[in-house]
Structure formats: structure tokens, C-alpha cells
Amino acid sequence: MARPKKTEIEYRNYLLPAYFPILLLSGDIWRISDIPSGVLHFHNCLEIGRCESDSGTMEFLDQKIDFKEGDITIIAKDVPHTTYSTPGKNSKWSYIFVNIQDLMAPYFPLDLLNDSSAFNTLLLECSALFSREKYPDIYNIVSMIIDELIEKKDNFQFSVRGLILSLMIKLSNLYVEKNQEAITTHENSMAIAPAINFIRTNYMEDFPMEDLAAICNMSPTHFRRTFHSIMGFGSLEYVNRIRITHAQNLLRTTEKSILSISEDIGFQSVSSFNRHFNEIVGMTPTQYRNRMSSVKDRSILKCTGWMVPPPSQAGD
């Protein structure tokens, strides 16, 4: 008997500004093809989408849901998915990518909330689709966030933070009320999700890869094979990519020395940092800092994400 075709999964890493970790992708270029890509993907941050026109399908590892104009989608950072339009259509979208913990941390730590565990589930395991007709409050909040990010009026950052917090509280209440019609939990949708979460939190530390296997309840050999099959590269390379992502933020937003940054993000030597940075970014840390000093609006890693969807892009 032939083996079932293995689902391919792609990792998309977005470099969000350290001082305001939220990014809006909006405009007429953000249209989704009607050709299914056949490849699921997941992000390093929460995705909030607003369908501006037409209709289509959003596909996950374990389900498919249909969307239409006016729908709001919420996709947790570790949930593999893809989107494609109805045949003959190219649905238009606005996307918000946000690291909510870092966005709120300076003003409102999320662990102050009565049920912070619901928040954590939303950020790591959930997907949701809300129609404009049935959930006008959620549609209006997301629309206000998009408007604030486009207009950038005085103090818009504070307004956005307040709106994001309001949105997440509404979502959390829906989740606690067990509203399965709106919110789906993809628990363990990726076998390596616990390791990914651990790496994102502890990237600056030195830990053996065997610890990652144990977190996922796998043998080291099985973990290595599974991780590579999902990510397309090994766990050590993923650690280095996360470190380089944080290094880019520090290079763009601080005057710390290259040596200090390399130590802060967990490299044992500056030469190792320089080598990995050049391999991943395509230039040295010094060259990157010099370039970013004159190009301050670059927000997505060219090596792993995309700012403009290529013509052949078959769905977000």
C-alpha cells in the first residue's frame, strides 16, 4: 500500500520592530491566489487577517474553513495553515502580525489577567474565523487597529496597544465560554511545537538538543528527523536563526557593540556570530547596521519572510 503524501510545512519568520512589535501588510497587492499551494506554513507571531474582498478557503492540518468578504481570522503563531481563493477569484486581505507579549510588556504584563492561561492558548494553539455579521465588535476593533496603523496619528502606538488588549480579552472570553463555533484549538498540531516555544524563550542559553527531544517526548533521533522534516533544517540552525533575528533588532535599535550583542544572544565567540549572521542575512553585522541606519522601515527578514507576495504565491 502506498504511503500517504506527507504534508509540507514552511516556517515564515517576521522581524518585528523591538520598540513596537507589530506589522501591517495592507493594500491592493495583498491578494491571494485561487491555486492551492500544497504547502502549509506557520509564523513566529500572531496573525490577524481581514478579508477585504471575495471568498475562499483556509486549510489547516486537521480541517478546512471557508471565508468571505468581511471575515476576521486569528491564527496562533504555531498553527500550520494556508489560504487560497475561490476558483476564478483573488481575494484581497489586510494582515497584522504582532508579538502581543512584547507589545504589552512595558505597560500591561499579560499575567495580570484573571485567566492568563486562556491567553497563552490563544497565542499558541488557536485559530478563529469571525464573520462581520455575527461578530461586529471584533470586526470593528480589528478595523480600528488597521486604521490606526495606516494613519499613524499622534500617540497611535498607545491606541493600538489598547485595541489589541481589548481584542484579546474578547477572544479570551469567547474561548473560556467554550465557543467552539468561532474558535478552534489545534493542540499539538505540530509535534515539535514545545521545542519551538522553548527555543524562542531560551535562545540566549546554551542547552543540549537532547533537552528539546525530551520536551517533545521523543527520542533524539526521532526528534531530529521530525524537526528537519517540518522546518527544512535542523534544530541548531533554528536556534541560530532566532538568535540572528534578535541580533538584527539590537543592531537596528541600539548602539551596543558587535561583541556585546553576540554575547547577549548566546554566541560563544564573535567570530561564530559573524559567520552565522553572514550565512543567514547575506552580509556582516557591521554592514547590516550601516544599511539599516538609512533604511529604517524594513521589518521582515528577506531570508525567511516576504514583504511583497511573489506572482506565484498561492496563499498566505
Side-chain angles (χ1 to χ4, degrees), residues 22-27 30-32 40-43 45-86 89-101 103-104 110 113 115-150 159-187 189 315-316:
I22 187 169
L23 172 70
L24 173 67
L25 304 180
S26 185
W30 292 102
R31 293 185 176 273
I32 302 301
L40 304 182
H41 68 272
F42 65 102
H43 310 117
C45 50
L46 183 75
E47 174 193 294
I48 303 171
R50 183 180 70 181
C51 181
E52 312 284 5
S53 71
D54 301 305
S55 60
T57 301
M58 183 167 285
E59 182 176 340
F60 301 89
L61 282 172
D62 50 2
Q63 70 169 154
K64 295 181 181 180
I65 56 175
D66 294 328
F67 64 81
K68 64 182 185 307
E69 179 181 352
D71 285 347
I72 300 296
T73 58
I74 312 289
I75 310 295
K77 63 182 181 179
D78 286 334
V79 175
H81 64 284
T82 189
T83 308
Y84 45 91
S85 299
T86 299
K89 303 293 184 180
N90 292 99
S91 57
K92 178 183 174 184
W93 285 78
S94 291
Y95 291 109
I96 299 168
F97 294 97
V98 57
N99 184 321
I100 291 181
Q101 296 98 322
L103 183 73
M104 303 305 302
L110 297 181
L113 296 167
D115 192 357
S116 58
S117 62
F119 260 68
N120 292 329
T121 301
L122 287 170
L123 297 176
L124 294 173
E125 299 177 1
C126 285
S127 67
L129 185 146
F130 303 97
S131 69
R132 178 170 46 190
E133 298 77 18
K134 191 168 184 178
Y135 299 93
D137 52 345
I138 290 178
Y139 178 87
N140 290 334
I141 292 174
V142 172
S143 296
M144 285 190 286
I145 295 170
I146 292 173
D147 290 344
E148 291 282 2
L149 292 171
I150 291 174
S159 178
V160 167
R161 285 185 170 95
L163 290 166
I164 287 286
L165 182 59
S166 178
L167 174 65
M168 294 306 296
I169 288 174
K170 285 185 177 295
L171 295 176
S172 178
N173 289 338
L174 285 173
Y175 174 73
V176 171
E177 293 165 8
K178 305 299 182 184
N179 191 335
Q180 296 301 317
E181 177 186 351
I183 299 177
T184 301
T185 301
H186 302 265
E187 186 175 359
S189 61
D316 177 70

Worksheet entry | Parallel, tilted or perpendicular, as decided by the 30° and 60° cut-offs, for the rings of His43 and His81 | perpendicular
Worksheet entry | Counterpart residues, salt bridge (Lys or Arg N to Asp or Glu O under 4.0 Å), relative to Asp147 (two or more places apart) | none
Worksheet entry | Residues Arg50 and Ser143: side-chain donor-acceptor under 3.5 angstrom | yes
Practice prompt. Rounded to the nearest 0.5 Å, what's the gap from CZ on Phe67 to CE on Met58? Could you check?
Written response: 6.5 Å
Worksheet entry | Residues that Asn99 engages under side chain to side chain contact (heavy atoms under 4.5 Å, CB included), provided they are two or more places apart | Leu16, Pro21, Gln101, Asp102
Fill in: Check ion pair Asp137-Lys170 (N to O, under 4.0 angstrom)
yes
Worksheet item: Are side-chain N/O atoms of Asp66 and Thr57 paired as donor and acceptor at under 3.5 Å?
Response: yes
Worksheet item: Is it true that the side chains of Ser53 and Ser91 contain a donor and an acceptor less than 3.5 Å apart?
Response: no
Item to complete: Could you list the residues that satisfy salt bridge (Lys or Arg N to Asp or Glu O under 4.0 Å) with Arg161, not counting sequence neighbours?
Response: none
Worksheet item: Which is it for Leu24 and Ile150 under the side-chain contact (heavy atoms from CB on, under 4.5 Å) test, yes or no, and what are the steps along the way?
Response: CA-CA 8 Å; Leu24 173 67; Ile150 291 174; 3.4 Å; yes
Worksheet item: Run the salt bridge (charged side-chain N to carboxylate O under 4.0 Å, His left out) check on Glu69 and Lys89 step by step: do they pass?
Response: CA-CA 12 Å; Glu69 179 181 352; Lys89 303 293 184 180; over 6 Å; no
Worksheet item: Does the side chain of Tyr84 come under 3.5 Å of the side chain of Glu59 through a donor N or O and an acceptor N or O?
Response: yes
